[in-house]
Amino acid sequence: MSFSYEMILDYAPFFMHGLLYTLLFSLCGVVFGTIFGLIIALGRMSKNPVISGIFKTYIGLFRGTPLFVQILITNFGVVPAIFGHSNPYIAGALSLSLNAAAYIAETFRSGIQSISEGQREAARTLGLSQFDTMRFIIVPQAIKIVIPALGNEFISLIKNHLWYQQYPHQKLRIGLKL
């Protein structure tokens with residue numbers, strides 16, 4: 001029995017199509033997850049207990065439920081409520097982005113909290129507002145710290161995308177009639 005490279009060449013377009021979708025969904029999840037994650041991390045660190053509580057609940061909810069359940073809720077509940085019909089591509093990108101945002105928020109929060117208090121004191125001494133301190137001093141340093149963890153999150157999203165790709169979109173559209 002010999003290995004046939006011909007079969008790989010026959011299926012190469014399908015592999016490339018799957019690779020393209022995997023990378024697009026993962027890239028979308030990382031980009032939007034990073035933007036939302038930074039906002040959520042800053043809200044989570046808010047001194048206002050109501051705002052902080054809302055973001056704590058969001059993080060706990062999205063980190064505590066399985067991604068597949070989130071995909072189903074997004075595909076059958078959120079996307080149809082917004083657009084009037086289900087769209088598996090929007091549902092997949094939205095689910096991965098919201099899930100990644102919860103994990104990235106905790107990554108950003110730990111990165112921001114790892115910056116020494118002396119940096120904040122120096123900014124106050126220079127007369128910077130709290131917003132400018134975060135914008136020009138704290139967040140840029142925190143980004144350098146969290147870059148390796150964001151790389152790990154990207155790898156995790158590529159693996160998690162398989163949850164979404166495991167079930168054909170037709171089965172998601174018809175209600176998972178397996």
Side-chain angles (χ1 to χ4, degrees), residues 15-71 73-74 78-79 82 89-166:
F15 293 141
M16 290 298 126
H17 187 74
L19 177 66
L20 176 69
Y21 274 112
T22 298
L23 292 177
L24 284 175
F25 274 110
S26 300
L27 185 65
C28 182
V30 165
V31 168
F32 291 115
T34 301
I35 293 168
F36 296 148
L38 181 58
I39 293 167
I40 293 165
L42 294 173
R44 165 85 166 76
M45 295 171 51
S46 173
K47 293 177 183 170
N48 184 334
V50 174
I51 293 174
S52 180
I54 290 170
F55 288 115
K56 280 181 190 175
T57 303
Y58 173 86
I59 291 169
L61 182 71
F62 276 86
R63 289 183 73 181
T65 56
L67 178 61
F68 189 64
V69 172
Q70 295 170 20
I71 290 170
I73 290 171
T74 304
V78 176
V79 173
I82 295 171
Y89 301 108
I90 293 173
L94 183 63
S95 303
L96 290 172
S97 297
L98 293 175
N99 183 276
Y103 286 95
I104 291 172
E106 287 297 292
T107 302
F108 270 122
R109 185 180 65 81
S110 66
I112 289 169
Q113 289 178 338
S114 72
I115 306 299
S116 70
E117 188 62 32
Q119 298 288 333
R120 289 177 181 84
E121 291 173 6
R124 276 185 290 223
T125 303
L126 292 172
L128 293 177
S129 67
Q130 185 172 350
F131 177 77
D132 286 341
T133 300
M134 290 298 277
R135 181 176 166 204
F136 294 119
I137 296 174
I138 305 299
V139 172
Q141 291 179 61
I143 287 174
K144 287 182 190 177
I145 293 170
V146 302
I147 284 176
L150 290 178
N152 290 341
E153 183 61 31
F154 184 69
I155 292 168
S156 176
L157 274 174
I158 289 173
K159 292 190 295 186
N160 285 340
H161 174 262
L162 297 176
W163 274 106
Y164 185 69
Q165 203 171 11
Q166 185 176 1

Which is it for Arg120 and Ile138 under the side-chain contact (heavy atoms from CB on, under 4.5 Å) test, yes or no, and what are the steps along the way? CA-CA 8 Å; Arg120 289 177 181 84; Ile138 305 299; 3.8 Å; yes
Let's go through Leu42 and Ile112 carefully: what are the C-alpha distance in whole Å and the side-chain angles of both, what is the deciding distance for side-chain contact (heavy atoms from CB on, under 4.5 Å) to 0.1 Å, and is it a yes or a no? CA-CA 9 Å; Leu42 294 173; Ile112 289 169; 3.9 Å; yes
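In this structure, the separation between CD1 on Ile73 and CG on Leu94 is 12.0 Å, given to the nearest 0.5 Å. Taking CZ of Arg135 as the start and CG of Leu128 as the end, the distance is 11.0 Å to the nearest 0.5 Å. Between the OG1 atom of Thr34 and the CD1 atom of Ile39 there is a distance of 11.0 Å, given to the nearest 0.5 Å. Interatomic distance, OG of Ser26 versus CD of Glu153, reported as 10.0 Å (0.5 Å rounding). With values rounded to the nearest 0.5 angstrom, Asn99 atom CG is found 8.0 Å from Ser156 atom OG. Atoms NZ and CD, from Lys47 and Gln130 in turn, are 5.0 Å apart once rounded to the nearest 0.5 Å.
The minimum heavy-atom distance between Cys28 and Ala93, with the atom names listed, is SG-CB, 3.7 Å. In this structure, Ile51 and Gly43 approach most closely via the heavy-atom pair CG2-O, 3.8 Å. The shortest heavy-atom contact between Ala123 and Thr133 is CB-OG1, 3.3 Å. Summarising the geometry of Tyr89 relative to Phe25, their closest heavy-atom pair is O-CE2, 3.3 Å, with the distance given to 0.1 Å. In plain terms, the two heavy atoms of Ile40 and Ala101 that are nearest each other are CD1-CB, 4.0 Å. In this structure, Gly29 and Leu157 approach most closely via the heavy-atom pair C-CD1, 3.6 Å.
More than 12 non-hydrogen atoms from other residues, nucleotides or ligands lie less than 6.0 angstrom from CZ of Phe154.
At least one side-chain heavy atom of Tyr58 sits under 4.5 Å from a side-chain heavy atom of Leu98. Using a 4.5 Å heavy-atom threshold, the side chains of Leu67 and Leu96 count as touching. Between Gln141 and Ile137, the closest side-chain pair of non-hydrogen atoms falls below 4.5 Å. Inter-residue side-chain proximity for Ile115 and Ile145 is flagged as met; some heavy-atom pair is nearer than 4.5 Å. Between Val30 and Leu150 there is no side-chain heavy-atom pair separated by less than 4.5 Å.
Panel note: side chain Ser114, backbone Gly111; a donor-acceptor pair is recorded below 3.5 Å. In terms of modelled atom types and a separation under 3.5 Å, the side chain of Gln70 and the main chain of Phe62 share a donor-acceptor contact. With hydrogens and angles disregarded, no donor-acceptor distance shorter than 3.5 Å links the side chain of Ser52 to the backbone of Asn48.
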